[in-house]
Structure formats: C-alpha cells, structure tokens
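To start, the structure itself, in structure tokens.
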Amino acid sequence: MFLFLFWFLSILCYEFTFRLVIYDKFFDISLITIVLFSISIASFVVFFSTIFNKKINVILTYIFLLISTILFTAQMIYYLTYSSFFSLNNILTGTGQIMQFKDTIISAILSNILYIFLFALPIIVYSIIKKHLDYFNKSRINIVITFLIFLNIMSLSVLSLDLFNKSDIYSAKKLYFNLNIPEIAASKHGLYTTFLLDINRSVFGFEESANIDSGEIIISEPEVQYNITDIDWETLIANENNSTIKEIHTYFSNVSATNKNEYTGMFEGKNLIYILAEALYPLAINEQLTPTLYMLANNGFVFDNIYVPTYPTSTAGGEYVSTTSLLTKDGTYYSLQQSDNKYWPLTLGNKFSDIGYSTRSYHNGTYTYYSRNKIQPDFGYSYKACYGGLKINCGLWPQSDLEMINATFNEYKDDENFLTYYITVSGHLEYNRYGNMMAYKNWEYVKDLDYNDDFKAYIASQIEFDRALEKLIELLAEKGILENTVISIIPDHYPYGLAGKNESNKMNIQNALDYEIDPLFELYRSNFIIWNSEMETIHIDKYASNLDVLPTLLNLFGVEYDSRVIMGRDILSDYENIIMFADRNWISQYGRYIKNSDTFIPNDGVVVDNNYVNSVNNQVFNNFYFSKKMLDNNYYKYLFKDN
C-alpha cells in the first residue's frame, strides 16, 4: 500500500510540475482524468516492480523513476526550446540534429533547474525511504489484486474521457482514440499517458479520424474570378476506392477558392529570388546596421501583420510550411523529411519549372541536413549546398550568406527566366562572439551597442545576411536585370536561441521593438518581404503567416494553381487569413483565441458570436488534420494522377 502511495504521489509530482511549467492553466476538469490515469499507471508500475525478488524490484523501481525523470525533464526542455514535444520517432530519427544545439539546451536546463529538481525529487525520496517500503509481494494473491486494480482503474480512466466537453473538437476522448496532437493531449491526459499512447502508435501505427465540418470563414464577392483549376470532384470521389483519399477529396470539394485580384499577374514574366532567412526577426532590421534589410522591409509590399509561428523542429517546420502551404504534423515526424519521394506539383520550384523557368536552390549549410539533398529535387529544384557542389568556405560555423551569393550568382544570371531559392544559415545560433564566426566577423559593428553579448552576436550574424542582400542587389543591377527581378524573404522562425536564453535578452528584444511581446502571439510577429525596384510601396494590413507565402507569390506571378487544395491563402485576396499556431491558438482579423483556456480576445471595438469562434476552430482543426492526411498519403499523386 505504501509503495502504491509513493508511486501515485510521484506521478502527480511529475504531472503537476510539468503542467505548471508548460500550460497557462492548472485547475480544470481535466485534472480528474489525469488523476485517474495516474492511479492506473501507479498500479501498473507497482505490479511490475513487485513480482521479482527484492534486489531486482529495487533496481526496477530506480529504472522506472529514472526514466520518468528523464522523460519529463527532456519534454519540458524540448518544449521550451522548440515549442513542441518530441516523440519516439523523433528519438529514432532526429537525436543527432537536436544535439547540434546542445548549448541552447544546456542554457534551458540551467534556467529551469528548480523544476528539474522537482522532477528528480521522487528518486531522492525513494533513496531515503526504500528500506521502509514493502515492495516485495510475498503472496501471489497480492500480485493478482494489484494487476486487477490496474485494469479496473485503467477502464475507469478511459470511461471518464466521455464525461467532459464531448462537443469539443479536441475533447479528451477524441485525443485518446482519434487524434494525435501531443501538445493538447498532455494537458488533458497527462504527459505519461500521452507518451504511452505515442509509443503504441509509433509501434503499431495510427490513423487519425474525425467528423468533418468545413468551418470556413469566407468573405464573398459577386462575379469574381478565382484561382482554381479544372478538377472534377464528383468523378474523383465516385471512382476512388481509398477511403482516406476519398475523405480528402470530399473535404476539398467543399472548400471555397480565393479570388483573383488587382495584383494577380503583377510580376508575370519577372525573375524571382526567394529566400528562407535563418532566424530573421524585426529586431535585426535596423537602418544603420542592416540598411539593405531595412530598405527591403519598408518598400515594395509591406505586410504590417505577418507572423511566423514555430512548428515542430523549428527550421524544418518553418521551411515545410512556407514551401508546401501545408501545416506540419504534431511532434511525431519531421514533416520536411517525410516529404521525400512524394509528388509536390504546387511548390514554387515545380510550378515555375512548368512555365519554363530555371529553378535552382542553394544552402550554405550541410548538403544532407534534413535530407534536403533528396527533398529539394522533389520540390522542383536543382540543389547545391556545402559538401554538395557549393564552393564556399564550409569549414566555418555558421557559414557566410555573402559567400553563397558570390559563389552562385553566375550560375543563373544569364537565364532567360529564373527562380532561385536560397536557404541561409548566417543567422543561426549559437549567439556568442567566439562560437559564431559571423558574429566574430561583424563584431566591430555591434561592439558598442548597449546590449549584452548574446544580443550583439545575434545582430552581428544578421549583418552578414544584410551584406549578402546588398551584394545580390548590386550584382543584379550590374547585370541589368534588377528591375526584372523580385526579391522575396520569409524567416524560418524567430531567434529562439536568443529569446529564451535569459531575462536580459527578453528585455533587450522588448526594448528594441515598438510593440509589446507576449509568448503566445507577439513573440512570433515577423516580416514577409516582396520587393521590386520598379514598384511603389504598398502597405497590406491583413493578418497572415508564412503558411500564406506560396499562394501569394503564385498569384503575383500569374501562375495557375488551385487555391482550394492548399491550406494557405493569398494575402492579397478577399479571403480571411487565419494565423494558426501548433498549439491551436489562432489570430484572425477580429481577435485572438487561446486554446488552453478556451478564450477569445476580440480586437478593440470588435464583437463576434460563438458561431464565429467555433467556425474558426473547425477551420484550424481541419487545416492541421488534412495537412497530415495529405502528407501521409502522398495526396497530390492521387489528385493529379492524370498529369
């Protein structure tokens, strides 16, 4: 009995500490389910740690406690660093990449040492009281009773899922049986149960299912043209034998397209240089220190309300979202890597290739990182990177964006029409003077700033990106093709290696910006640059995100595409863009929704009813749900199979 009580209290210590750190709520109805699952897990652990002899039972208890401490600590640190949870698949496929950021992880550990102590507390307590515990069952009947308790409490725990918020899209029951969203599930089941479900799904497979309501918010305009192609949905649905593909067909057949608009084809026939900028953030855009970035960000199309949410695996997540206009899977796989060997007809590379453009991509990081050597050709590009055809000094860390521009411009400058995609790395963490060669190189420009060295190093690393842009514009002008070229830049994520490091950095970021930063929304406010030397400045105040980059560019270049079968929406259309975060928070033109507290915060002077909030929640759910289905099932192969 005392051993069971010890385990029950230990699991509650793990769960409640984790809940306190990760979620902005503590007491709610889901605590009942978490307590019931904790009783069940405690019974299970007691059963397995009392069926052997005393020595083995003690060893097993230590092992269970150590695994629990590591699991909760690691998930906490991972979430605080990457805004997502890791899964068994992450452990098996991505550990080496995670460890490349060990300095950031160590910093997060040191910043949360109190919570780590609480996670370690059960081991400490057990070491003190183990001699007083009767953890060796001398009677077989005790073993049987313990196991029966486990089965009964587990059954009661599962049954309890049906008691609360059954109408919620993300109800505890749906998250247990039908959906794989670890970030939300852990708040309702507890992390222990969520991770056990993840192990089961990783080993035995799992197919999500849901009752679908399109949930779209549509601003309709009479007699307009739409960005659509000729898709015969009725025939596709009638002839499809794969139930999952039929489900996706049915959903998209009810989605409304975005309208063509006054900007459709504005850049038709021009070249495009598209840049995924490593950790670019508004605080790095400065008229004196980064004048080229400042010029680009304040001319051309100026998007006043752009956000770049962090998705699982940070850079890979941001790259996948902006490249495919689909949302990532929830902390289970690297969506970017899983896109290998799949059909991607709507990416910029493939769409521009279809209309006769040369399409090249360059990365000054490692050629094989995130399997880009396999994925970039699938996205429609001939690809070069460090240790894979790119001739720059690859022995530095991080490598130079300026060197990448100088080494590659001659390869496409004479093409009749080109799309060139750069994936930069100069702005990468760690942000310090001697571990970041770009910071070291540009230190003289920032050394006298009234900030700490981490902050200075970040800005110095982005100065290298600014110099690269300055050189790029100079080369385009010398070649006489500047006026015929559009430069577009989107960040992959905010500089989490800086923002989460210490309170001083957070204050520095706040002081450098002209708006309040909160960790749910404004931390992710960013820039989306679209610039051509011949255009007048156009301000766009719609709320949008990196998910909307692909359709916006396709529309501007007059490239035919079907706006119904991606999740992003052309920012220049009349469609209401929804900014969707991995934790299912969202921003619309009317306000902000916080999933954990089920709270909608309207903008000043705005009044909306529950139907609006429920409709957007349905839309957000569907966008994540069908994005996962499309990736898992190589959907575009079925949709465009005749092509």
Do we see a donor-acceptor contact under 3.5 Å between the side chains of [X] and [Y]?
{"X": "Asp583", "Y": "Asn585", "result": "yes"}
{"X": "Tyr625", "Y": "Glu247", "result": "yes"}
{"X": "Trp586", "Y": "Asn617", "result": "yes"}

Salt bridge (charged side-chain N to carboxylate O under 4.0 Å, His left out) partner of Arg584, the single match among Asp330, Asp598, Asp168: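 The passing option is Asp330.
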
Is Glu208 salt-bridged to Lys629, going by a charged N under 4.0 Å from an acidic O?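 So Glu208 does not pair with Lys629 through a salt bridge.
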
Is any side-chain N of the basic residue among Asp570 and Lys542 closer than 4.0 Å to the acidic one's carboxylate O?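 Looking at Asp570 and Lys542, the cut-off is not met.
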
Centroid-centroid distance, [X] to [Y], less than 6.0 Å:
{"X": "Tyr496", "Y": "Tyr524", "answer": "no"}
{"X": "Tyr307", "Y": "Phe521", "answer": "no"}
{"X": "Phe621", "Y": "Tyr170", "answer": "yes"}
{"X": "Phe48", "Y": "Phe44", "answer": "yes"}

Asp632 and Gln338: CA distance, side-chain angles, deciding distance, side chain to side chain donor-acceptor pair (under 3.5 Å) verdict: CA-CA 8 Å; Asp632 286 340; Gln338 197 179 344; 3.0 Å; yes

Using the ring pair (Phe, Tyr, Trp, His ring centres under 6.0 Å) rule, pick out the option among Phe195, Phe18, Tyr78 that qualifies with Phe85.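 Of the listed residues Phe195, Phe18, Tyr78, the ring pair (Phe, Tyr, Trp, His ring centres under 6.0 Å) partner of Phe85 is Phe18.
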
Run the salt bridge (Lys or Arg N to Asp or Glu O under 4.0 Å) test on Glu522 and Arg592 for me, step by step, so that the C-alpha distance in whole Å, both residues' side-chain angles and the decisive distance to 0.1 Å come before the verdict. CA-CA 11 Å; Glu522 291 308 300; Arg592 295 150 190 250; 2.7 Å; yes

Side-chain contact test, heavy atoms from C-beta onward, threshold under 4.5 Å: evaluate it for Ile169 versus Asn618 and give yes or no.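 Answer yes - side chains close enough.
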
Can you find a heavy atom in the side chain of Thr194 that is under 4.5 Å from one in the side chain of His189?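 Touching, per the 4.5 Å side-chain cut-off.
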
Member of Ile571, Asp548, Ile579, Val549 meeting the side chain to side chain contact (heavy atoms under 4.5 Å, CB included) criterion with Ile306: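 Passing option: Ile571.
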
Using the side chain to side chain contact (heavy atoms under 4.5 Å, CB included) rule, pick out the option among Leu327, Leu520, Ile587 that qualifies with Phe581.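 So, applying the side chain to side chain contact (heavy atoms under 4.5 Å, CB included) to Phe581 and each of Leu327, Leu520, Ile587, only Ile587 qualifies.
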
Using the six-membered ring wherever Trp is involved, compare the ring planes of Phe72 and Phe119 and label them parallel, tilted or perpendicular (cut-offs 30° and 60°).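 Phe72 vs Phe119 ring planes: tilted.
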
Do the rings of Tyr192 and Tyr14 sit parallel, tilted or perpendicular, given the 30° and 60° boundaries?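 Perpendicular, since the angle between the ring planes exceeds 60°.
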
Show your reasoning for whether ring-ring contact (aromatic ring centres under 6.0 Å, His included) applies to Tyr636 and Tyr343. CA-CA 6 Å; Tyr636 291 127; Tyr343 184 45; 7.5 Å; no

Can you check side-chain contact (heavy atoms from CB on, under 4.5 Å) on Lys342 and Tyr635, steps first, answer last? CA-CA 9 Å; Lys342 289 183 171 63; Tyr635 174 68; over 6 Å; no

